[in-house]
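Input: a single structure, listed below in structure tokens.
First the proteins, then the strands, lettered A, B, ... as listed; each starts at 1. All figures in this text were calculated on a predicted structure; none of them were measured in a lab. Just the heavy atoms: all of them, side chains too, but no hydrogens, waters or symmetry mates, feed the values below.
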Amino acid sequence: MKMSVLFSQTLREAPTDAEMPSHKLLVRAGFIRQLAAGIYTAMPLAKRSLTKIEDIMRAEINAIGGQEMSMPVVHPAEVWQETERWYQIGSEMGRFKDKNQRDMVLAMTHEEVVADLTRKEIHSYRQLPVLIYHIQTKWRDDPRPRAGLIRVREFTMKDSYSLDADWEGLDKQYRAHYQAYFDIFHRCGISAIAVKSDVGMMGGKLAHEYMYLTPYGEDTLMLCDACGYSANRQVATFKKAALPEEEPLPTEKVLTPDCKTIAELAAFLNIPAAKTAKAVFMIADIPEGESSVQKFVFAIVRGDMDLNETKLVNALKASELRPATEEEIVAIGAVPGYASPIGLPEKNTYLPVITIVDELIAQSQNLVAGANDAGYHMLNTNLERDYRADLVTDLTSAREGDGCPECGAPFREVRGVEVGNIFKLGTRYSDSLGCTFQNKDGKEKPVIMGSYGIGSGRLLASVAEEHNDEYGLIWPITVAPYQVHLVMLPSKKDDLAMEAAAQLYEDLLAAGVEVLFDDRDDSPGVKFNDADLIGMPIRITVGARGLKEGMVEIKRRNEKEKRMIPLGDALKTVQAEIDALFAEIQATIVKVPYEE
RNA sequence: CGGGGUGUGGCGCAGUUGGUAGCGCGCUGCGUUUGGGACGCAGAGGUCCGCGGUUCGAGUCCGCGCACCCCGACCA
């Protein structure tokens, strides 16, 4: 490609609304342009990289038996109603009506379509196992798109779906993806770690997320350096330090003016925050069939702990969860700032109340809790004796330094970007859409499903995030839009540089090398800066100065050293460099032990 | 959905007490340059986010919207 005709322009300055390095550089280098919040155009350079990333994904999924297909972006609402996700998912789902007023859905993912196909196509165990996949547009109307291509509303995803006759089959396909995903990330030039994750809106039994570690990531991960345990904070469990057991003491109501927070309360009473019980009030929508009921949730955690809303949602099986307002707290008969389940009216006219208590509270005695009386707290409260819980479970968030659930060593907290995920769906979708097959004994059995996704744009942004410096992007050879940036330095005196460069360009193309040829009539500074910004892995410079000696310059983007080589050797030197760069990537592809 | 911020030429920005819009980069033409964002001359390009209001007069003041960004909630 000649730069004189490339549909793209570099910018000296990044737009102010870009913050992450990858976002700024992809915009400055002319890879992406924004159309609206979370909606981007991939310009020709980005498109070439995306195609390479997608080809890598194709190769790896084909290698584990995947069959590529293409499923629609627009779905009738019916299939989403059958799985009830039509009701469970809120504003994030794109819905519209067609001209006949039929409800339609913009695909957020394709489990419904796969399940619909499965129930129509799969009848016998002889047709299983199957692995199908496609690379397709998704729409998720994220409440908060941000960070360039990292978190967008419209995106392209490689999603594969495994169909199996039994759980062993699912496990096999799941493990195949587990390794294939590492191979994909490594081939793209980034490392990622797999962590246990929440199943979220996908449902199912077990899930891993692949995290590219960067401080700009928006997920928080808990890692154990001692035993290798790793999990998203949303689901990370940990060893909770129980306080020494005490004999229950009688409750006592005490005056605690201006103690609306745990910190104020602990300071006023001169006790550690761990000796208090913190009540958090939420309003939950809990689906029941095609409708849902709202409940007022009293969540109780120890004063020194943080409520983990993902754990709470999962414990409640809620579709929506939001903080209760002060008015709502008053409406159920509680006193904001001094509320607790103790002394709460049996009945209220607002909403049914559900009390859910962290397991550590059940092991703690004589905690200070609100008295449901403005300005008063209750000393020595004890679960069971003083109030009852509808549910006792793990409700708190792990933090840096908390004990690993496997070995007790302290957690390290890191940030990451989720670049892929794999789910053991089981029969979540088969059951609701009726995907069954006949086994050898002629018995009807549900198809066992798995689903596996990687966003290609997010992966591109992560590669850009990993590989850049103060001058611009530094693409790994495997995803670079072009392998070589051929810089021609023009001269007014003669056309020698242009002629030599044009000939080399033709020779490189003929040899199958991917070349971006800067044939523009610009000054060297402009050209070198653009080359650094766009970031092709190999740069060749053809200028009058070197040509006098019959030489051209070759330089790797990720190294400082430049080499002068004879013009006649340029082609084979470039080919050797390309091979070396591929070999470097190849060396990073390693077997990763499976950890459940 | 809460909190904060920003909307002026393609990009980055300035615009005073309210007086009819400028700068740098980029773009076009001509000329001089050519190994790390060169220089001269001449140009093009703006419904100042939108609507309403105050005023003789609004980029500027007031009101209501909209868009985008950041933090949180949420989410892949």
Which whole number of Å gives the distance between the [atom1] atom of [N] and that of [M]?
N	M	atom1	result
B:rC66	B:rG26	C1'	29 Å
B:rG37	B:rG46	C1'	27 Å
B:rU32	B:rG24	P	25 Å

Pair assignment for [N], Watson-Crick or G-U wobble, requiring both distances under 3.5 Å:
N	value
B:rG72	B:rC1
B:rU54	none
B:rC48	none
B:rC11	B:rG24
B:rG37	none

I'd like to know if A:Asp532 reaches the base of B:rG36 with its side chain, counting only an N/O donor and acceptor under 3.5 Å. yes
Looking at B:rG36, does its base get a donor-acceptor pair with the side chain of A:Arg539 below 3.5 Å? yes
Spacing of [X] atom [atom1] relative to [N] atom [atom2], expressed in whole Å:
X	N	atom1	atom2	result
A:Phe528	B:rG37	CZ	P	10 Å
A:Arg545	B:rG36	CZ	C1'	11 Å
A:Tyr216	B:rC71	OH	C1'	15 Å
A:Arg144	B:rG4	CZ	C1'	11 Å
A:Gln34	B:rA67	CD	C1'	10 Å

Nearest to side-chain heavy atoms of [X], which nucleotide of [options]:
X	options	value
A:Leu489	B:rG35, B:rC75, B:rG72	B:rG35
A:Pro143	B:rA73, B:rU34, B:rC75	B:rA73
A:Leu533	B:rC68, B:rC75, B:rG37	B:rG37

For a quick check under 3.5 Å, do [X] and [Y] share a side-chain donor-acceptor pair by atom type?
X	Y	result
A:Thr396	A:Asn308	no
A:His186	A:Ser191	no
A:Thr220	A:Arg415	yes
A:His134	A:Tyr161	no
A:Asp519	A:Ser4	yes
A:His208	A:Tyr174	yes
A:Ser22	A:Glu465	yes

How would you summarise protein contacts on nucleotides 10-15 of chain B per nucleotide, using B for base, S for sugar-phosphate only and - for none, with heavy-atom distances below 4.0 Å? -SSS--
Name the orientation class of the two ring planes belonging to A:Tyr181 and A:Tyr210 (parallel below 30°, tilted from 30 to 60°, perpendicular beyond 60°). tilted
So what does [X] touch, heavy atoms closer than 4.0 Å: a base, only the sugar-phosphate, or nothing?
X	result
A:Ala147	sugar-phosphate
A:Arg28	base
A:Ser523	base
A:Gly546	base
A:Gly455	nothing
A:Asn529	base

